[in-house]
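These notes are about the structure you will find just below.
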Protein chains: 2
Amino acid sequence: MAKKQLIMEKALELFAKQGFEATSVQQITEYCGISKGAFYLAYKSKDELILALLDHFMEQYISDIDYTVKNTENESLLFSFYHSAFQTVQEHSNFAKLIIKEQAQTFNGDLFNKMQYYDQLLEQLIVTLIERLFGNTIIKYDLVSTIRGFMNVYTGLLLFHNIPFDIDHLSRSLSEKTKVLAEHCTIPFFTEEISMFIKKHRINKEISKGEILEILEQKIKELEASIEKESLLLLREEIINPTHHSAIIAGLLENIRSHPHCKWVAYLLRNYFGYGKN
Amino acid sequence: MAKKQLIMEKALELFAKQGFEATSVQQITEYCGISKGAFYLAYKSKDELILALLDHFMEQYISDIDYTVKNTENESLLFSFYHSAFQTVQEHSNFAKLIIKEQAQTFNGDLFNKMQYYDQLLEQLIVTLIERLFGNTIIKYDLVSTIRGFMNVYTGLLLFHNIPFDIDHLSRSLSEKTKVLAEHCTIPFFTEEISMFIKKHRINKEISKGEILEILEQKIKELEASIEKESLLLLREEIINPTHHSAIIAGLLENIRSHPHCKWVAYLLRNYFGYGKN
DNA sequence: TATAATAATGACTACTCGGTCATTTGTCAA
DNA sequence: TTGACAAATGACCGAGTAGTCATTATTATA
């Protein structure tokens, strides 16, 4: 599906410049050098393209950060977290621009739900990170919001001013800020009550064992014979009939973690098997 | 111009729900119970309405915060700043929602410039606030970004989750966080170099004496005889031919500061006369 | 080379948008 | 009651939209 990829890449460029609404299918097809019909052979609609685009990048973003968080010692955890996040932002700056611009502004129902879903995944990641570092501090949920605030603001600067940006330095600065807040703050805004209230008003989309198997199945079909495919097959067996040592599973997950098409399924499996340094 | 006001209010409701693009003039006129023609008698175009709306609310927002900052002792300055900001957000929640949703996402040139302009005014306000409290600390510009991050995140929560929101408590919590950062952080991200770089890439729209006089003139025409009008007339004299004591000017500014139609001109004059507690 | 299967085309439809303007309605003073 | 002026109307216009589909081009197979 080289055509799908082409469309996605070119469309992303236009979306980043102009936004979803303001970019017409016509414009996309012209920019790709294909016909309108060809577009609709690849994607059923403009909306489908947008949703596919969102999935493609958010899955990478989340799974990259997740891997980093799960495989870093506490000492450098905050630094690595920020670094990984900003790294991905810089690599996929067009997508990041698009997300910032479109933010909550989307009124398309499906799109909104998807965004919220990935948003919650990121939040969950941050929560576990904080719990690992600071335990059940009273300002746990304040720290979550604070970290998100840092990420928002500095991501905006990174993307919309062409500053000579030193991500290493930024990450060091932000992890100091986070630690300082964690150690010295005494007045939380989020009470347990309020955070429960927010949690309740969420749609929790848990991914079931069946769904994971489905995604696994599909990825197995996509790949040709390779270490990755082998690993996926073994991991499938392991889900259906758990037999192996956790070290073996960890190794199998390691095999697939950096393959672009496997990142997401690796993320899902890490969570399924409860794998991680914590 | 009751018609203009009606349109603005009703349109704001729709914009907050759906965004600028997604709201048609048709829809606005139906919601107002007027005809399309009537709409175009009040505003030359949809864009003009949007710009007018932005001016109307941002002028209030900025001048309210400015007044608070300029008239609060250092001790409670941070608290008052946050409180004033969140207060206004809560009062004009529809407008705030709109701003958050539309954020940088706007591709209309004029609109973008206006947003950036008000953005810079707010930033300038925060900078002077920080200078007053912490002097020329090395993390001055980091604090600015941090504060903006706090405002963004918690404003989002305030608006999009119907939490029982205690603004007093929130403001106390955030001012503690800000102080903690100011006192304990040692690794600034913003070097003097970077902040200069950003400053350079800005369009600085200074408001001239002439422009202030123009705005004054117009406001004088708008008002009927009243203390406010009287004060405006005296202030105009003062600009053209400065004679009075600064205490008198302060008093005159106080006279007009809370009148909705004068807030903006009061803000401009406060800056023109260099009035403030600092 | 002939045939079947697949990929790609772009004119076309049905619709929505912002904006216009000839016409009608409402409101005064004479 | 009349006439003059202002306020308000909504059918209409041109431009642009997402999506369709009969037709044509390309490729693979026999």
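Throughout, a chain's letter reflects where its sequence line sits, starting with A, and its residues are numbered from 1.
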field: Touch class at under 4.0 angstrom, heavy-atom based, for B:Thr23 against every strand present
entry: sugar-phosphate
field: Earlier contact from the 5' end, DNA chain D, for A:Gly37 and A:Gln26
entry: A:Gln26
message: Measure CZ/B:Phe39 against C1'/C:dG19 and give the value in whole Å, please.
response: 10 Å
task: May I have the distance from A:Lys46 (atom NZ) to D:dG16 (atom C1'), rounded to whole angstrom?
output: 12 Å
field: Interatomic distance, B:Leu51 atom CG to B:His56 atom NE2 [nearest 0.5 angstrom]
entry: 14.5 Å
query: Could you state the CD1-P distance from B:Ile7 to C:dG19, rounded to the nearest angstrom?
result: 13 Å
- request: Taking only Lys NZ, Arg NE, NH1 and NH2, and the carboxylate oxygens of Asp or Glu, determine whether B:Arg236 and B:Glu217 approach each other closer than 4.0 Å.
  value: yes
message: Tell me whether the side-chain N/O atoms of B:Lys44 come closer than 4.0 Å to OP1 or OP2 in C:dG18.
response: no
message: I'd like to know if the side chain of B:Ser84 reaches the main chain of B:Phe81, judged simply by a donor and an acceptor atom lying under 3.5 Å from each other, with no hydrogens or angles considered.
response: no
- prompt: Roughly, in whole Å, what's the span from CG in B:Leu49 to P in C:dG19?
  reply: 11 Å
- request: To the nearest Å, give me how far apart CG (B:Leu14) and C1' (C:dG18) are.
  value: 16 Å
message: Please tell me if B:Lys36 has a side-chain N or O lying less than 4.0 Å from either OP1 or OP2 of D:dG10.
response: no
message: Between A:Arg148 and A:Glu123 (salt bridge meaning N to carboxylate O under 4.0 Å), is one present in this structure?
response: yes
field: Integer-rounded Å distance: D:dT20 C1' and A:Tyr43 OH
entry: 20 Å
message: Rounding to an integer number of Å, can you tell me how far B:Gln27 CD sits from C:dT16 C1'?
response: 12 Å
task: Could you check whether B:Leu41 gets within reach of a base, just the sugar-phosphate, or nothing at all, counting any heavy atom under 4.0 Å?
output: base
task: Measure from the side-chain heavy atoms of B:Ala38 and tell me the nearest of C:dG18, D:dT20, D:dT9.
output: D:dT9
- request: Indicate whether OP1 or OP2 belonging to D:dT17 is found under 4.0 Å from a side-chain N or O atom of A:Ser24.
  value: yes
- prompt: Parallel under 30°, tilted from 30 to 60°, perpendicular over 60°: which one fits the rings of A:Phe39 and A:Tyr43?
  reply: tilted
query: Taking atom P of D:dA18 as reference, at what distance in whole Å does atom CD of A:Glu30 sit?
result: 12 Å
